[in-house]
Amino acid sequence: MILITPKGVVYIIQKLGQIMLYVNDQAKAVSFWTEKAGFVVIAEEDHGQGMHSIEIAPTKDAETTLVLHNKELVAKMSPEVNLGTPSLMFFADQVEKLYEQFSDKGVTVGALVDLPMGKVFNFADDEGNYFAVVEKK
């Protein structure tokens with residue numbers, strides 16, 4: 001997208017497309033996201049030199065996806081990259097039902113809280129990375 005201002009043309013970022021998530025065990029991470037969180041695998045790519053990525057999303061037509069990368073290999077190939085867990089906020093309808101579903105599947109979940117922005121809870125994947133889900137008002 002282009003934005004024309006009095007100072008000239010400004011190019012702006014339109015949306016968040018992919019989020020890189022660096023994990024210790026890609027197979028275990030895929031299992032968590034697909035079996036417990038209900039995500040689907042969108043694509044898998046071999047980048048050579050042992051690098052392999054797996055793209056997942058809540059649905060096949062989701063605008064934003066997660067790309068799972070091997071943390072150890074990324075650290076070796078790109079030591080400047082911050083491998084800390086990104087802070088991700090997912091949007092969902094029926095947060096209370098999702099909370100129950102996650103709990104039933106053994107996912108570590110925090111308290112379901114009603115905030116001014118909507119109902120929200122956090123959850124952890126099998127590696128202890130925490131994420132949040134909100135049902136926006």
Worksheet entry | In one Ile/Leu/Val/Met/Phe/Trp/Tyr side-chain cluster, 4.5 Å: Phe102, Val30 | yes
Worksheet item: Would you say the side chain of Thr108 lies within less than 4.5 Å of the side chain of Tyr130, judging by non-hydrogen atoms?
Response: yes
Item to complete: Could you tell me the separation between the CG atom of Asn122 and the CE atom of Met89, rounded to the nearest 0.5 Å?
Response: 9.5 Å
Worksheet entry | Side-chain (Ser31) to main-chain (Ala27) donor-acceptor, under 3.5 angstrom | no
Fill in: Cluster check Phe90, Ile19: I/L/V/M/F/W/Y, side chain < 4.5 angstrom
yes
Practice prompt. Give a yes or no on this: more than 12 heavy atoms of other residues, nucleotides or ligands lie within 6.0 Å of atom CG of Asp46.
Written response: yes
Practice prompt. Enter the distance from Phe123:CZ to Ser103:OG here, rounded to the nearest 0.5 Å.
Written response: 12.0 Å
Item to complete: Drop me the distance from Lys60's NZ to Thr65's OG1, to the nearest 0.5 angstrom.
Response: 12.5 Å
Discussion item. Does Gln18 form a side-chain contact (heavy atoms from CB on, under 4.5 Å) with Glu55? I'd like the steps, not just the answer.
Written reply: CA-CA 9 Å; Gln18 294 181 328; Glu55 183 178 12; 3.1 Å; yes
Worksheet item: Hey, is Glu127 close enough to Lys28 for a salt bridge, meaning N to O under 4.0 Å?
Response: no
Practice prompt. Check whether any side-chain heavy atom of Ile54 sits under 4.5 Å from a side-chain heavy atom of Val41, and report yes or no.
Written response: yes
Worksheet item: Quick one: does Trp33's side chain get under 4.5 Å of Leu66's, heavy atoms only?
Response: yes
Worksheet item: Distance-only, no hydrogens or angles: does the Glu135 side chain make a donor-acceptor pair with backbone N or O of Val95 under 3.5 Å?
Response: yes
Worksheet item: Which atom pair, heavy atoms only, marks the closest approach of Leu83 to Ala75?
Response: CD1-CB, 3.5 Å
Worksheet item: Going by atom types only, do Ser53 and Glu45 share a side-chain donor-acceptor pair under 3.5 Å?
Response: no
Worksheet item: Are Val120 and Met117 connected, step by step, through hydrophobic side chains (Ile, Leu, Val, Met, Phe, Trp, Tyr) whose heavy atoms are closer than 4.5 Å?
Response: yes
Fill in: Flag side-chain contact, heavy atom, 4.5 Å: Tyr99 against Lys97
no
Fill in: Whether over 12 other heavy atoms sit under 6.0 Å from Lys105 NZ
yes
Worksheet item: Does any N or O in the side chain of Tyr22 come within less than 3.5 Å of the main-chain N or O of Asn82, such that one atom is a donor and the other an acceptor?
Response: no
Discussion item. Closer than 3.5 angstrom, by distance alone: can the side chain of Lys119 be matched with the main-chain N or O of Gln94 as a donor-acceptor pair?
Written reply: no
Discussion item. If you compare all heavy atoms of Thr64 against all heavy atoms of Ala57, which two are closest, and at what distance to 0.1 Å?
Written reply: O-CB, 4.1 Å
Worksheet item: Where do Val133 and Leu98 land on the side-chain contact (heavy atoms from CB on, under 4.5 Å) test, with the steps shown first?
Response: CA-CA 9 Å; Val133 180; Leu98 182 63; 3.8 Å; yes
Practice prompt. Group every Ile, Leu, Val, Met, Phe, Trp and Tyr by side-chain heavy-atom contacts under 4.5 Å, then state whether Ile42 and Met20 land in the same group.
Written response: no
Fill in: Min side-chain heavy-atom separation Phe131-Asp125 under 4.5 Å
yes
Practice prompt. For the pair Ser78 (side chain) and Val81 (backbone), establish whether a donor and an acceptor sit closer than 3.5 Å, ignoring hydrogens and angles.
Written response: no
Worksheet item: Does the side chain of Gln26 pick up a donor-acceptor pair with the side chain of His52 at under 3.5 Å?
Response: no
Practice prompt. Following the transitive rule for hydrophobic clusters with a side-chain heavy-atom cut-off under 4.5 Å over Ile, Leu, Val, Met, Phe, Trp and Tyr, establish whether Val40 and Ile56 coincide in one cluster.
Written response: no
Discussion item. With heavy-atom distances below 4.5 Å as the criterion, would you say the side chains of Val23 and His69 are in contact?
Written reply: no
Practice prompt. Using the test side-chain hydrogen bond (donor to acceptor under 3.5 Å, both in side chains), find all partners of Lys71 that sit at least two apart in sequence or belong to another chain.
Written response: none
Item to complete: Please name all residues satisfying salt bridge (charged side-chain N to carboxylate O under 4.0 Å, His left out) with Asp25, sequence neighbours left out, ordered by chain then number.
Response: none
Worksheet item: Just by distance, do the side chain of Asp126 and the backbone of Phe32 share a donor-acceptor pair under 3.5 Å?
Response: no
Practice prompt. Would you mind reporting whether Glu96 and Leu112 have side-chain heavy atoms less than 4.5 Å apart?
Written response: yes
